[in-house]
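Worksheet for the structure shown next.
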Amino acid sequence: MIWWLLGALVALLVVFALLAPLESLRWWSSQGAVQARRTLALTSADAPGDAAASRQLTVAGEQPDRYVVYLSGIGVVDGEGISMREQAVWHRVEHDLPRVRVIAGVFPYAANDLSLLQRATSGLWTWLNKRRRVRRESLAPYLINLRNVLQVLVSADPRYGPTFNAGLALAIWDALRQHGYVPGSRVPVTLVGFSGGGQMAVGAASMLSLLGVPVSAVSIGGVFNADPGFDHLQHFWDIRGGRDRLRLLGPLVFPGRWPFTPSSPWHRAMKDGRVTIYDGGPVVHEGRNSYFEGRRVGSDGVMPADRLVGILNAILGTPVPQAPLPPPCDRVPAQATTRP
């Protein structure tokens with residue numbers, strides 16, 4: 001009986017893995033390509049020299065100093081489903097930095113901008129989401145995490161990642177516009193990704209830069225590939241927890257981050273001085289004594305959430321370092337990244 005159960009679980013995993021890329025490919029073939037071309041064309045029409053864009057900038061004189069888009073970890077089922085701990089941290093950042101506008105409503109694990117609660121299988125994901133809140137020892141969290149982890153791998157895959165990341169970038173672009181971002185304004189945008197959201201933040205950078213957005217990224221215990229998006233990031237901050245073992249999966253499983261691949265976008269960003277590493281303290285990846293822990297003092301006598309807020313305030317409260325990006329001819333095209 002146990003072997004039948006294990007076989008069924010393995011079969012389910014294989015099916016999930018095979019189906020994972022199809023969602024973004026179907027979106028791209030049905031509407032994504034047209035949506036991307038249309039958005040790029042409209043953005044080009046709204047260049048800073050355009051009269052309409054100038055009028056927009058005049059009206060929108062209250063533009064913030066920076067926009068921040070938060071992409072949560074693999075446990076979320078929709079963009080609004082971030083934990084109370086995460087919400088508390090971002091409320092404090094918003095209070096400390098009133099000139100920074102934080103957006104936390106983007107679901108990063110779908111190319112078509114549909115959360116797990118907005119699709120035909122919403123009943124399943126709603127049930128699993130409720131189940132894990134009632135019984136924490138159930139398998140429900142693992143099924144949600146598994147589904148989202150596979151989308152992280154799709155984003156990092158050089159074959160399927162470009163379409164997925166383009167869709168995510170367009171969803172971020174729509175969220176920015178809804179919160180007052182003016183095309184051509186050159187107001188900097190920083191993507192902050194926790195856990196698997198780190199890969200999503202880097203992956204979306206390429207398309208956002210094509211839309212004229214000065215983009216940078218912050219990773220909080222992030223797992224990410226040496227994505228071509230690094231060639232489009234003005235700067236990248238990596239917050240690393242001393243006891244966070246899950247974040248080590250990035251440099252372990254993605255060859256582009258191995259020491260003997262010096263020409264990868266990751267190592268190029270390191271060499272150019274566009275990467276800053278922060279010590280996140282003696283924290284684990286999630287749960288008690290994690291990055292967002294705000295109730296218990298850590299082993300070093302510091303509240304992890306206090307440390308994280310301090311780091312985010314230091315990053316987001318100062319101008320983005322202006323290191324030169326690689327020239328376009330040297331940037332690695334999305335389809336030529338190192339195979340995982």
Side-chain angles (χ1 to χ4, degrees), residues 66 68-73 86 89-90 93 97 100 152 156 188-205 214-286 289-293 298-300 302-326 338:
R66 183 184 300 196
V68 174
V69 180
Y70 178 59
L71 307 175
S72 189
E86 293 169 285
V89 165
W90 286 112
V93 171
L97 303 175
V100 172
V152 173
V189 173
T190 300
L191 309 178
V192 182
F194 167 56
S195 186
Q199 166 60 35
M200 303 321 205
V202 178
V215 60
S216 55
V218 178
S219 163
I220 304 174
V223 179
F224 50 87
N225 188 16
D227 195 277
F230 277 107
D231 284 336
H232 299 266
L233 288 174
Q234 292 187 327
H235 205 82
F236 181 79
W237 296 269
D238 192 7
I239 304 174
R240 300 177 175 181
R243 298 179 181 176
D244 182 358
R245 299 293 178 260
L246 285 180
R247 70 164 187 83
L248 299 177
L249 289 174
L252 178 65
V253 303
F254 295 123
R257 295 188 60 189
W258 294 353
F260 47 82
T261 55
S263 62
S264 72
W266 163 252
H267 288 292
R268 181 158 44 235
M270 292 279 287
K271 182 180 179 181
D272 293 344
R274 291 184 288 113
V275 176
T276 299
I277 298 173
Y278 274 93
D279 180 10
V283 297
V284 297
H285 193 75
E286 60 181 351
N289 198 32
S290 62
Y291 296 92
F292 296 91
E293 175 63 66
S299 59
D300 60 346
V302 179
M303 189 77 70
D306 293 344
R307 179 189 291 106
L308 181 59
V309 170
I311 294 174
L312 291 173
N313 285 346
I315 294 173
L316 304 175
T318 56
V320 179
Q322 296 297 314
L325 294 175
T338 306

Any sub-3.5 Å donor-acceptor pair from [X]'s side-chain atoms to [Y]'s backbone N or O?
X	Y	value
Asn289	Pro282	yes
Gln199	Asn225	yes
His267	Trp258	yes
Asp272	Arg274	no

Is the shortest side-chain heavy-atom distance between [X] and [Y] below 4.5 Å?
X	Y	result
Tyr291	Asp244	yes
Trp237	Val320	yes
Ser72	Glu86	yes
Val93	Leu316	yes

Between side-chain atoms of residues 248-257 and protein atoms elsewhere (two or more places apart, or another chain), which donor-acceptor pairs fall under 3.5 Å?
{"residue": "Arg257", "atom": "NH1", "partner": "Phe224", "partner atom": "O", "Å": "3.3"}

Next item on the list: Go through the side-chain N and O atoms of Ser219 and Arg247 and say whether any donor and acceptor fall under 3.5 Å apart.
Entry: no
For the residue pair [X] and [Y], what are the closest heavy atoms and their distance?
X	Y	answer
Ser290	Pro304	O-CB, 3.1 Å
Ile239	Val218	CD1-CG1, 3.9 Å
Ala201	Leu191	O-CD1, 3.2 Å
Ser216	Thr190	OG-OG1, 2.8 Å

Notebook entry, point to check: Going by the angle between their ring planes, with limits at 30° and 60°, are Trp90 and Tyr70 parallel, tilted or perpendicular?
Noted result: tilted
Next item on the list: Check each of Arg243, Glu293, Arg245 against Val284 using the side-chain contact (heavy atoms from CB on, under 4.5 Å) test, and report the only one that passes.
Entry: Arg243
